[in-house]
Amino acid sequence: MAGERRKPWAVLLAVMALLLGLCRGDVVQFIFGDSLSDVGNNNYLTKSLARAALPWYGIDFGRGMPNGRFCNGRTVADIVGDKMGLPRPPAFLDPELDADTIFKNGVNYASGGGGILNETSSLFIQRFSLYKQIELFQGTQAFMREKLGTAAADKFFGEGYYVVAMGANDFINNYLLPVYSDSWTYSGDTFVKYMVNTLEAQLKLLHTLGARRVTFFGLGPMGCIPLQRYLTSSGACQESTNKLARSFNTQAAALMDRLSASLPNATFRFGEAYDYFQDIIDRPYMYGFNNSRAPCCTLGRIRPTLTCTPISTLCKDRSKYVFWDEYHPTDRANELIALETLRKLNITVVNNATSN
């Protein structure tokens with residue numbers, strides 16, 4: 001009988017312990033982005049044509065198995081978070097994602113092929129646009145409010161870091177492809193303005209949802225990715241594509257300043273490493289690379305292969321290549337880009353350890 005009388009107390013203590021554990025959630029990240037930040041969401045989108053589910057993706061990460069990252073190792077977002085001492089957020093579609101994991105690690109909504117514009121990358125069939133990712137974030141908020149109550153959940157989301165890294169697909173897999181109506185509806189200048197205006201509405205929406213510390217990552221020299229170079233007769237960077245990236249970066253940076261000045265309790269920052277990345281591409285030997293033109297993962301002389309496949313061959317030393325496949329940098333290049341981005345943001349590195 002005495003043992004039975006203690007059972008309700010034991011249950012109450014267990015519930016209290018669970019709630020206390022949730023309420024001690026660390027400051028975490030919520031990441032919105034495309035394939036440069038995807039950590040596995042697209043692997044759960046079974047109809048998507050943009051998936052990093054096959055070898056040799058992930059060969060230098062953990063056990064060397066594909067994990068949804070479009071890289072041989074880490075993403076820039078992985079490394080930036082690591083250096084800031086923040087936990088790595090799991091993919092939103094990870095079946096093991098639960099309330100405790102969200103409080104300890106945050107969530108990554110990034111999706112390969114995703115764009116600022118809803119129409120971007122429709123040829124990939126399945127992908128999450130930025131608006132869709134924000135919608136999924138709203139679902140996360142509703143879920144956590146059920147677990148903790150509105151006040152505690154709002155405090156948690158208000159203290160988080162928010163990273164948005166998008167825009168390249170809106171050019172590469174939209175404006176620059178004549179199959180999309182945007183390519184003949186807009187000029188370069190009006191398309192960039194369309195993108196920035198859409199981005200402004202999206203970031204304001206995030207602010208209304210409680211995001212107070214937001215960093216937007218700008219674009220790199222898109223015209224220098226191996227695919228763009230291959231499409232030129234000389235193999236040089238496509239300057240017209242790079243000009244679009246620079247124009248977008250200039251306007252996106254100005255947008256971050258305006259939002260910080262106009263929205264209450266908001267800090268919007270622009271993180272970029274365009275010139276630095278361009279220098280790596282132009283002078284790879286100065287940074288320890290020996291190839292900044294071709295992808296490490298290829299099918300011999302067959303170009304372009306677009307993605308890395310199990311029958312692809314790999315370069316002898318992955319740390320010597322700037323690009324992993326036709327689109328994405330290698331782990332080593334991502335590390336340099338991440339460190340430069342942190343430097344320009346004046347963020348102190350608190351974790352110098354290199355992990356995967």
Side-chain angles (χ1 to χ4, degrees), residues 34-37 56 59-60 69-80 82-83 165 167-168 171-172 176 216-250 252-253 270-298 300-301 303-306 308 312-347 349 352 354 356:
D34 53 27
S35 58
L36 293 172
S37 306
W56 303 100
I59 189 173
D60 297 312
R69 289 169 172 82
F70 290 76
C71 185
N72 61 307
R74 300 161 296 169
T75 70
V76 169
D78 282 331
I79 300 165
V80 167
D82 290 348
K83 298 300 182 182
F171 293 106
I172 302 298
L176 295 174
F216 182 82
F217 286 180
L219 303 181
M222 302 181 303
C224 296
I225 64 174
L227 177 63
Q228 286 282 301
R229 295 180 87 132
Y230 181 80
L231 296 176
T232 67
S233 58
S234 64
C237 296
Q238 296 227 33
E239 178 54 28
S240 59
T241 304
N242 284 343
K243 182 180 178 181
L244 291 170
R246 291 193 299 269
S247 175
F248 175 79
N249 283 350
T250 298
F270 182 72
E272 64 90 25
Y274 182 98
D275 291 337
Y276 180 78
F277 195 6
Q278 184 69 70
D279 199 47
I280 290 176
I281 292 167
D282 293 341
R283 304 188 302 159
Y285 297 101
M286 298 296 293
Y287 299 88
F289 299 103
N290 58 28
N291 192 313
S292 63
R293 301 171 68 89
C296 171
C297 186
T298 62
R301 295 186 178 183
R303 295 278 309 281
T305 54
L306 302 184
C308 187
S312 298
T313 55
L314 305 183
C315 57
K316 292 182 179 180
D317 187 345
R318 295 182 286 279
S319 70
K320 298 296 183 181
Y321 272 62
V322 174
F323 290 99
W324 169 243
D325 60 16
E326 299 283 358
Y327 297 93
H328 307 99
T330 57
D331 176 274
R332 176 57 181 155
N334 280 339
E335 182 171 37
L336 293 179
I337 294 166
L339 290 173
E340 175 66 7
T341 301
L342 287 168
R343 186 189 71 80
K344 295 191 80 170
L345 287 170
N346 293 316
I347 295 176
V349 171
N352 280 307
T354 300
N356 56 26

- Message: Donor-acceptor pair, distance only, cut-off 3.5 Å: does the side chain of Ser292 make one with the backbone of Ile281?
- Response: yes
- Message: With a 3.5 Å distance limit and no angle check, can you tell me whether Gln228 reaches the backbone of Gln238 through a side-chain donor-acceptor pair?
- Response: no
- Message: Quick check: do Arg229 and Arg293 have side-chain heavy atoms less than 4.5 Å from each other?
- Response: yes
- Drop me the distance from Asn356's CG to Arg69's CZ, to the nearest 0.5 angstrom. 9.5 Å
- Where do Thr341 and Tyr276 land on the side-chain contact (heavy atoms from CB on, under 4.5 Å) test, with the steps shown first? CA-CA 9 Å; Thr341 301; Tyr276 180 78; over 6 Å; no
- Validation row: Arg318, Ile59 side chains within 4.5 angstrom (heavy atoms): yes
- OG/Ser240 to CZ/Phe171 distance, rounded to the nearest 0.5 angstrom? 11.0 Å
- Query: What's the shortest heavy-atom distance between Ala294 and Pro226, and which atoms?
  - Reply: C-CG, 4.2 Å
- Query: Listed by chain and number, what are the side-chain contact (heavy atoms from CB on, under 4.5 Å) partners of Thr313, not counting sequence neighbours?
  - Reply: Thr298
- Output all residues satisfying side chain to side chain donor-acceptor pair (under 3.5 Å) with Asp82, sequence neighbours left out; order by chain, then residue number. Arg88
- Task: Rounded to the nearest 0.5 Å, what's the gap from CG on Leu342 to NZ on Lys83? Could you check?
- Result: 9.0 Å
- By disulfide (SG to SG under 2.5 Å) - contacts of Cys308 (at least two apart): Cys297
- Task: Return the minimal non-hydrogen interatomic distance between Ala252 and Phe270, and the atom names on each side.
- Result: CB-CE1, 3.9 Å
- CG of Asp60 to CH2 of Trp324, rounded to nearest 0.5 Å, is 7.0 Å
- Item | Distance-minimising heavy-atom pair for Pro329 and Phe277 | CG-CZ, 4.1 Å
- Drop me the distance from Phe289's CZ to Leu336's CG, to the nearest 0.5 angstrom. 5.0 Å
- Would you say Val80 and Ile347 make side-chain contact, with heavy atoms under 4.5 Å? no
- Query: Do Glu340 and Ile280 come close enough that some side-chain heavy atom pair is under 4.5 Å?
  - Reply: no
- Query: What heavy-atom pair brings Met222 and Ala245 nearest, and what distance separates the two atoms?
  - Reply: CE-CB, 3.8 Å
- May I have the step-by-step check of side-chain contact (heavy atoms from CB on, under 4.5 Å) for Phe217 and Leu36, ending in yes or no? CA-CA 11 Å; Phe217 286 180; Leu36 293 172; over 6 Å; no
- Item | Contact list for residues 326-335, test side-chain hydrogen bond (donor to acceptor under 3.5 Å, both in side chains), sequence neighbours left out | Ser35-His328, Arg74-Asp331, Arg303-Glu326, Asp325-His328, Arg332-Glu335
- Would you list the pairs meeting salt bridge (Lys or Arg N to Asp or Glu O under 4.0 Å) in which at least one residue belongs to residues 276-289, sequence neighbours left out? Asp279-Arg283
- Message: Just to verify, what does Asn242 make a side-chain contact (heavy atoms from CB on, under 4.5 Å) with, not counting sequence neighbours?
- Response: Pro221, Cys224, Cys237, Glu239, Arg246, Tyr274, Gln278
- Message: Working note: Phe323 + Ile225, criterion side-chain contact (heavy atoms from CB on, under 4.5 Å); need CA distance, chi angles, decisive distance, verdict.
- Response: CA-CA 8 Å; Phe323 290 99; Ile225 64 174; 4.0 Å; yes
